[in-house]
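Throughout, protein chains are lettered first and strands after them, A, B, ... in sequence-line order, and every chain is numbered starting at 1.
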Amino acid sequence: MRRYIPKDIEPKWQNKWAQDQIYKAVDFDDKAKFVMLTEFPYPSGDGLHLGHTREYTLGDIIARHKRMQGMNVLYPMGYDAFGLPAENYAIKNNIAPQLATDENIAKFQKQFDSLGYSIDWSRSFKTTDPDYYKWTQWLFLQFFKAGLAYQKEISINWCPFCKTGLANEEVINGRHERCDTLVEKRLLKQWLLEITKYADRLIDGLSDVDFPSKIADQQINWIGRSVGAEISFKVADSDKIIEVFTTRTDTLFGVTFMALAPENPLVEIITTEEHRANVNSYVVASQAKSEIERQDVNRDKSGAFTGAYAINPLNNQPIPIWVADYVLSNYGTGAIMAVPAHDQRDFDFANNFNLPILRVVKNQEKDEDHTEDEGVLVNSGVYNGLPSQEARETILKDLIKTKQATEKVNYRLRDWIFSRQHYWGEPIPIIHCPEHGAVAVPDDQLPVVLPEVERYQPAEDGESPLASVESWINTHCPVCDQPAVRETDTMPNWAGSSWYYLRYFDPKNTEAFADRSKLDYWKNVDLYLGGMEHTTLHLLYSRFWHQFLYDQGLVPTPEPYMARRGQGIVLGADGAKMSKSKGNVVNPTEIIDNGYGADALRLAVVFLAPYDQTTIWSPESVAGTYRFLQRVWTLTHEFEDHKGNSKELESLEINRATHQVIKRVSEDLSTLDFNTPIAALMEYVNTLYKLKVKDEFASQSWPTAIEALIQLLAPFAPHIAEELWEVSGHEDSVHLSQWPKWDDKYLISDTARIVVQVNGKVRAELVVGVDSTEEDVVKAARDDQKIKAYLEGKEIKRVILVPNKLLNLVVG
RNA sequence: GGGCGGGUGGCGGAAUCGGUAGACGCGCUGGACUCAAAAUCCAGUGUUGGCAACAACAUGAGGGUUCAAGUCCCUCCCCGCCCACCA
């Protein structure tokens with residue numbers, strides 16, 4: 001018998017599949033379509049890592065399974081190639097990022113090929129292709145034309161290491177998520193996309209798609225919709241008004257001070273001469289603090305009194321106005337009404353500065369200094385006695401009547417800062433004309449191709465490297481043809497990935513980002529698998545783009561992804577995140593080349609744990625899955641050698657095992673369980689090993705049993721399955737064969753094993769006829785030697801029978 | 001502080017509706033084969049007591065509901081992820 005040597009069969013089949021193009025997705029096919037999407041990789045110099053392998057293997061298993069179920073499957077792959085690592089590499093080695101990127105992609109491609117994925121490579125592209133980013137630019141212009149892309153001078157998060165502005169979502173704990181550098185604030189003119197306009201849609205749309213609650217909740221929290229009121233407070237002895245946002249109008253009588261953010265322009269205006277010096281030095285000190293200092297929750301609350309007072313609109317009491325840097329300038333109005341008795345932060349501040357604390361909500365709990373819980377109003381004039389929730393509405397209504405408040409919804413979500421001061425990104429296709437301002441580059445001049453430059457390093461002052469390319473910058477206004485200059489900022493690395501799935505539907509189109517009829521056929525992604533870390537970045541951004549495109553009538557569905565699943569991270573064997581510095585990185589190519597092969601590796605990364613769970617890599621697991629494949633190999637070959645034997649009747653045992661495993665694998669795959677079907681297949685093979693000793697492959701049930709085994713294994717381990725399929729005499733690919741079906745009639749037995757409990761403890765196991773009556777089962781139990789001993793001298797008080805499963809005798 | 005997960009053998013993990021806890025794999029132990037080793041095959045493997053049959057205990061801790069709890073309820077502890085001075 002030939003031995004199982006993966007490297008003898010895997011490249012052979014990979015070539016054959018490529019040659020026969022068996023994984024090609026067909027536009028407009030009559031079969032039902034299924035779009036299986038996994039996040040495309042950034043082609044770094046390190047190549048595919050184990051996390052990629054897990055993600056793409058999972059996608060491949062689903063794609064292959066759906067294909068065998070008769071669907072027209074599109075499983076595409078591309079490269080998200082704009083981004084900082086390539087640029088940093090370019091800066092360091094003075095090599096064009098284009099070249100480094102192409103080298104890396106070649107490396108990735110080789111690894112991809114060695115893993116045997118059923119990807120339709122004819123649809124592949126990279127986001128850095130001018131043919132691709134032409135359409136990224138065109139789509140940006142649709143936002144611009146709809147008024148959703150705008151320029152504004154704002155204080156932004158600035159990474160001093162990368163020398164670029166960052167979106168809110170890219171700052172983690174005051175540091176740039178990519179390089180871990182402390183972020184600074186800088187005032188810069190930036191392009192923004194008005195994602196806040198879609199805040200409600202992004203929340204509401206979640207109810208039409210199948211996202212795990214973990215992901216949906218995270219997006220909802222990130223958007224942070226908060227319903228409340230904007231209330232106007234007059235400043236005493238002044239015509240100025242302070243607007244504040246609050247969700248607790250019911251606590252209005254408990255306001256004992258107001259607080260303005262240091263950046264609030266009113267600070268300058270209302271501060272009295274007496275307090276000016278003090279307030280100024282406080283504001284300067286606050287602004288000198290780093291982001292991380294200002295965001296530290298545990299820090300003592302600081303502030304300064306402005307000398308001014310506001311008037312409470314309900315009782316006309318004067319309220320001192322303070323400046324405090326715990327008030328955020330970019331949320332709400334940059335000013336708050338402070339209710340120390342019912343807000344922890346206001347409470348802390350009041351304690352620091354000996355400001356009064358007035359309880360206006362009373363609740364059951366003992367009289368604490370402050371509570372944020374609901375209760376009944378006290379110290380609130382005519383509103384005393386109202387439940388706080390009701391008071392919230394009543395007071396707001398009254399204030400609206402007197403035009404002192406409006407209903408207001410606030411979001412934590414901020415507009416998406418879309419400018420980067422970098423070379424390696426899509427140029428923003430805008431021309432600045434002295435007369436006409438920002439003008440869109442006309443469609444027939446797209447793409448605005450990224451020019452070659454002398455140096456890739458961004459400038460200290462935040463100018464993009466493109467600013468130094470005179471010949472490129474200087475152009476003419478598309479409206480008036482007067483001299484004008486190009487925008488030099490580029491798009492963030494999230495731009496190209498915001499719509500890439502649509503390009504797979506029609507990757508070569510030069511007239512449109514995708515042909516409408518193809519969009520109508522493929523519609524959207526049926527299942528999208530990716531990392532949890534993209535929940536509030538890529539996944540939110542691309543939903544926003546898609547919803548906008550839907551509103552523009554450019555795509556046929558309101559949501560891009562019908563279902564989303566997030567796969568867990570694979571940690572190193574030491575339990576730490578894999579990283580080069582820790583030396584715990586596992587290279588999938590090494591495992592394949594060590595002789596285990598792609599199939600054993602694929603099984604190992606999937607068998608490890610449920611796909612959505614973070615798990616620790618165990619090097620021995622490949623040995624286990626390799627051993628299993630070897631047993632499948634041996635079994636199949638032994639069967640082939642004994643084929644002549646088959647003359648006996650069917651084996652009920654084999655039939656039952658076969659139909660059981662078909663059922664289990666099918667059902668598990670439909671619920672996206674991938675580790676348990678592999679266990680089921682292992683169990684099945686163990687069973688067949690035992691049964692083969694019995695009948696020497698003589699029963700007529702063997703051919704079906706082996707065939708089912710190979711087919712069920714095919715999505716998981718495509719190479720060995722294809723080889724064994726051929727060995728068993730098939731000429732067509734197993735991957736185009738029809739997924740086996742189980743028949744319940746083989747699963748039914750005429751006997752049932754019943755567990756017998758006495759007082760809830762398992763004491764024996766009985767075999768009785770299926771669907772035996774309670775009377776019969778109890779009788780059988782009474783006759784059982786072991787049970788007899790437990791019933792001795794006792795009376796059966798109660799009998800519980802779970803048909804065909806369990807009998808519990810309660811005795812006493 | 002808020003949101004969401006989770007805690008089961010030496011390890012990764014199984015366990016529809018509450019119904020035999022520990023499937024499957026790793027590791028370990030013993031045996032077969034071999035001059036020997038590797039590979040392979042077979043058997044065993046939660047803990048405690050016992051030669052054994054068997055019994056008791058056992059799913060983070062404590063209580064409860066139930067004929068029956070890993071699963072449901074209450075109280076608490078611990079771990080992970082995400083967000084965080086968002087009014």
Side-chain angles (χ1 to χ4, degrees), chain A residues 3 172-173 212-222 224-226 228 244-248 251 259 261 294-299 301 324-328 330-339 342-346 348-349 372 410-414 532-533 535-536 566 568-569 603-604 607-610 612-625 627-628 630-631 634 664 667 671 673 675-686 689-690 693 753-765 786 797-802 805-812:
Chain A
R3 285 185 54 211
I172 309 288
N173 293 330
S213 61
K214 188 177 180 171
I215 292 174
D217 289 350
Q218 247 179 64
Q219 291 204 342
I220 290 167
N221 284 341
W222 183 263
R225 184 182 147 98
S226 168
V244 302
F245 174 73
T246 181
T247 55
R248 295 294 302 268
T251 62
R294 273 190 73 166
Q295 281 175 5
D296 184 2
V297 187
N298 301 316
R299 182 169 62 100
K301 298 275 180 293
D325 65 6
Y326 79 92
V327 180
L328 304 173
N330 57 356
Y331 182 75
T333 60
I336 59 160
M337 59 176 228
V339 189
H342 304 291
D343 183 281
Q344 178 69 50
R345 295 152 301 177
D346 299 346
D348 294 343
F349 189 90
E372 299 187 4
N410 258 318
Y411 303 91
R412 305 155 59 137
L413 184 70
R414 311 289 146 85
M532 285 303 298
E533 70 274 19
T535 301
T536 54
I569 306 167
L603 282 177
F607 184 55
L608 215 52
D612 55 354
Q613 195 172 305
T614 300
T615 188
I616 296 171
W617 173 249
S618 137
E620 295 80 23
S621 65
V622 201
T625 52
R627 213 167 288 161
F628 162 66
Q630 214 163 7
R631 282 164 72 82
T634 305
R664 279 176 72 183
E667 288 182 347
T671 51
D673 289 304
N675 54 336
T676 46
I678 296 173
L681 286 167
M682 287 172 167
E683 230 177 308
Y684 180 53
V685 169
N686 292 345
Y689 260 68
K690 290 200 176 79
V693 179
R753 288 150 48 110
I754 291 200
V755 170
V756 183
Q757 298 181 336
V758 178
N759 286 341
K761 296 209 171 195
V762 178
R763 296 301 182 189
E765 201 176 281
K786 278 189 222 153
K797 291 184 165 170
R798 202 172 153 188
V799 175
I800 291 115
L801 178 73
V802 182
K805 229 175 187 175
L806 179 136
L807 175 75
N808 190 8
L809 301 172
V810 184
V811 303

Indicate whether OP1 or OP2 belonging to [N] is found under 4.0 Å from a side-chain N or O atom of [X].
X: K805(A); N: G18(B); value: no
X: R627(A); N: C41(B); value: no
X: R664(A); N: C24(B); value: no
X: Y326(A); N: A87(B); value: no
X: T536(A); N: C83(B); value: no
X: Q630(A); N: U40(B); value: yes
X: Q218(A); N: C81(B); value: no
X: N675(A); N: A14(B); value: yes
X: S226(A); N: A87(B); value: yes
X: N808(A); N: U20(B); value: no
X: R763(A); N: A55(B); value: yes

Atom-pair distance (CD on E683(A); C1' on G25(B)), nearest Å:
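Those two atoms, CD and C1', are 11 Å apart.
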Could you tell me the separation between the CG atom of L603(A) and the C1' atom of C26(B), rounded to a whole number of Å?
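One finds 15 Å between C1' of C26(B) and CG of L603(A), rounded.
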Is the shortest side-chain heavy-atom distance between [X] and [Y] below 4.5 Å?
X: M682(A); Y: F607(A); value: yes
X: V799(A); Y: L809(A); value: yes
X: V811(A); Y: N759(A); value: yes

So what does [X] hit on the nucleic acid, given a heavy-atom distance under 4.0 Å: a base, only sugar-phosphate, or nothing?
X: E533(A); result: nothing
X: T246(A); result: sugar-phosphate
X: V802(A); result: base
X: L608(A); result: sugar-phosphate
X: R3(A); result: nothing
X: N686(A); result: sugar-phosphate
X: G624(A); result: sugar-phosphate
X: K797(A); result: nothing
X: V244(A); result: nothing

Side chain to side chain contact (heavy atoms under 4.5 Å, CB included) between M532(A) and T535(A), worked out:
CA-CA 6 Å; M532(A) 285 303 298; T535(A) 301; 3.9 Å; yes
Anything under 30° is parallel, anything over 60° is perpendicular, the rest tilted; go ahead and classify Y331(A) against F245(A).
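Ring orientation, 0 to 90° scale: perpendicular.
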Could you check if the base of C4(B) is syn or anti? Syn means the glycosidic torsion is within 90 degrees of 0.
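The base of C4(B) is oriented anti (glycosidic angle more than 90° from 0).
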Using O4'-C1'-N9-C4 for purines and O4'-C1'-N1-C2 for pyrimidines, with syn meaning within 90° of 0, is G9(B) syn or anti?
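With its glycosidic angle within 90° of zero, G9(B) counts as syn.
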If each of F607(A) and Y411(A) is mapped to the nucleotide of RNA chain B with the nearest heavy atom, which maps nearer the 5' terminus, i.e. the 5' end?
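In this pair, the answer is F607(A).
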Contact nearer the 5' end of RNA chain B, comparing T615(A) with S621(A)
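Checking each residue's closest nucleotide, the 5'-ward one belongs to T615(A).
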How far does the [atom1] atom of [N] sit from the matching atom of [M], given to the nearest Å?
N: G63(B); M: A69(B); atom1: P; value: 14 Å
N: U65(B); M: U71(B); atom1: C1'; value: 14 Å
N: C17(B); M: G12(B); atom1: P; value: 25 Å
N: C51(B); M: C74(B); atom1: P; value: 47 Å
N: G22(B); M: C4(B); atom1: P; value: 33 Å

Donor/acceptor link under 3.5 angstrom from K214(A) side chain onto base of C82(B):
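A donor-acceptor contact between them is absent.
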Nucleotide nearest [X] when distance is taken to its side chain, options [options]:
X: K786(A); options: G3(B), C85(B), C54(B); result: C54(B)
X: T676(A); options: U20(B), A15(B), C41(B); result: A15(B)
X: P610(A); options: A14(B), A87(B), C67(B); result: A14(B)

Relative to Y326(A), does K301(A) satisfy both conditions: NZ or CZ under 6.0 angstrom from the six-membered ring centre, and within 45 degrees of the ring's axis?
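Because its charged atom sits under 6.0 Å from the ring centre and within 45° of the axis, K301(A) does stack over Y326(A).
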Does atom CZ (R299(A)) have a neighbourhood of more than 12 heavy atoms from anything else shown, all under 6.0 Å?
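Yes, CZ of R299(A) has more than 12 neighbouring heavy atoms, counting only those of other groups under 6.0 Å.
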What do the steps show when you test D343(A) against T251(A) for side chain to side chain contact (heavy atoms under 4.5 Å, CB included), and what is the final call?
CA-CA 10 Å; D343(A) 183 281; T251(A) 62; over 6 Å; no
